[in-house]
Amino acid sequence: MVGVSEIEAARERLKAHIAATPLVRSESLSGQVGVPVFLKLENHQPTGSFKLRGATNALLCLSEEERRNGLVTASTGNHGRALAHAASTQGLTATICLSALVPHNKVEAIRKLGAQVCITGKSQDDAMEEVERFVREKGMNAIPPFDDPRIIAGQGTIGLEIIDALPDVGTVLVPLSGGGLAAGIAAAVKAKRPEAKVIGISMRRGAAMQASLAAGKPVEVEELDTLADSLGGGIGLHNRWTFNMCRALLDDVILLDEDEIAAGIRHAAEIEGEIIEGAAAVGIAAVLAGKIRPDGPTAIIVSGGNIDPEQHRAIMENSYRRAG
Ligand SMILES: *Cc1c(COP(=O)(O)O)cnc(C)c1O
C-alpha cells in the first residue's frame, strides 16, 4: 500500500507546480443533511481536474533517461490532458492513447497541448493495450492513469489538504473509477484521522471497482456510455495497487443512476455556481438522492469540470440523450 509518508513527499514535490484548491461550504447541502458539507473544488485545477496532481508527481519522479525515452498513457481524457500539460511545461512530449468513447472536447484539449494523440478501439481497455504496444516496441515509459504508487500519492495530496482545512472531518465522498483518487485520499485521511469514513461513488453503468470488490478480485465489466464518462473503464485484471487499497480503506461504495448524476450536475451549476462534469457530480448527487448518511463534517471531492458545453446545456434543460 502507498503510505502517508509517500503522500507527504508528493505534496513537497508538487508545491511549486500545483495550487491547493478551495474547500468551500455548501449552505444548501449542509441544510439538507444537517451536518456541515464542503466541496473540494478540483475543477479549479489547471487542466480542469485533479489528475494534474498524480501526473505531475509521476513526471517529477522520473530519471533523465526515462524522460528521454518518451511518455505514453491511456486515458478517459483528464489524465491524458494532465500528462500532456505536465509534459509540455517540462519540454517533453507525451503520447496519449484514447478510445472512441472519449468526448471530442477532451480529445481537442489534449491535441492543443501539443501531445501525440492516438485514437484506438472502443474502450479504455483497448487504449491500455495500445500503451503496452508502445512500451514493448518503442521502449517508452508508461504513466498509468491510476494503478501506480506515484499517481496514488499525487492524488492523495487532496486528502492532506482536506485534513489541514477541516481537521474534524467525519466523511469524505470520492468519485471512484480505477481508484487512484480514492486510494490516495483514503490513505491520507485515515492516517491522520482513522475514525473518518471514506466512501467511493460510481455510476451504475459500468462500475468496475465496485464489481471487483464484490467479487473479491479484479473483474472485467463492460464499459458503457454514461454521463460520468471519466469514471468509465476497467481496473485492470492485473491490478497491483488500487484494488487492494480500496478493499482495505473504503468504508462503502455507492452506485448512482444517470438521472441522479444529471441532478448533481444541475445542482452544482444552479446552486453552487460550478460547471462540473458527470464524474465530479457523483458526491453531490449521492447526497441529493438521500443515499448518504454523513457522519460529522463532510467533504465532497468535486473532481473535474471538463464537460462538453453542449452536453451541459442539454442537462440543464433536462433534454440530454439518456444512455441505455
Ligand atoms: C479520473 C477521474 C476520476 C476517477 O479517478 P480514479 O483514480 O480513476 O478513480 C473521477 N473524476 C474525474 C473528473 C476524473 O477525471
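Order of listing sets the numbers, starting from 1, for every ligand and every atom in it.
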Note to self: Does atom CD (Glu65) have a neighbourhood of more than 12 heavy atoms from anything else shown, all under 6.0 Å?
What the structure shows: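 12 or below, so no.
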
Task: More than 12 heavy atoms of other groups within 6.0 Å of Gln116 CD - done: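 Counting other residues, nucleotides and ligands, CD of Gln116 stays at 12 neighbours or fewer.
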
Which bit of [X] gets closer than 4.0 Å to ligand 1, counting heavy atoms only: side chain, backbone, both or neither?
| X | result |
| --- | --- |
| Glu42 | neither |
| Lys51 | side chain |
| Ser177 | both |

Can you find an N or O of [X] that's nearer than 3.5 Å to an N or O of ligand 1?
| X | answer |
| --- | --- |
| Gly179 | yes |
| Glu277 | no |
| Ser49 | no |
| Leu181 | yes |
| Gly180 | yes |
| Gly178 | yes |

Counting from 1, what ligand 1 atoms have a heavy atom of [X] closer than 4.0 Å?
| X | value |
| --- | --- |
| Leu231 | 3 (C), 4 (C), 10 (C) |
| Asn78 | 13 (C), 14 (C), 15 (O) |
| Ser303 | 10 (C), 11 (N), 12 (C), 13 (C) |
| Pro175 | 10 (C) |

- Separation between CG of Leu160 and CD1 of Ile185, rounded to the nearest 0.5 Å: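 Reported to 0.5 Å precision, the distance equals 10.0 Å.
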
**Report entry** Interatomic distance, Ile292 atom CD1 to Thr298 atom OG1 [nearest 0.5 angstrom]
**Finding:**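 Result: 8.5 Å between the selected atoms.
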
Please evaluate residues Glu42 and Ser49 with respect to the criterion side chain to side chain donor-acceptor pair (under 3.5 Å), reporting the C-alpha separation (whole Å), side-chain torsions for both, the decisive distance (0.1 Å), and the verdict.
CA-CA 5 Å; Glu42 288 294 306; Ser49 84; over 6 Å; no

How far is atom 5 (O) of ligand 1 from its nearest protein heavy atom, and which residue and atom is that?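 Among all protein heavy atoms, the one nearest atom 5 (O) of ligand 1 is Phe50 CZ, 3.5 Å.
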
By the definition side-chain contact (heavy atoms from CB on, under 4.5 Å), identify the one residue from Thr73, Leu71, Val72 that meets it with Met140.
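Going through the options one by one, the only one that passes is Val72.
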
Would you mind checking if [Y] and [X] are paired as a salt bridge, meaning a charged N to carboxylate O distance below 4.0 Å?
| X | Y | value |
| --- | --- | --- |
| Arg266 | Glu270 | no |
| Asp164 | Lys192 | no |
| Arg240 | Asp147 | no |

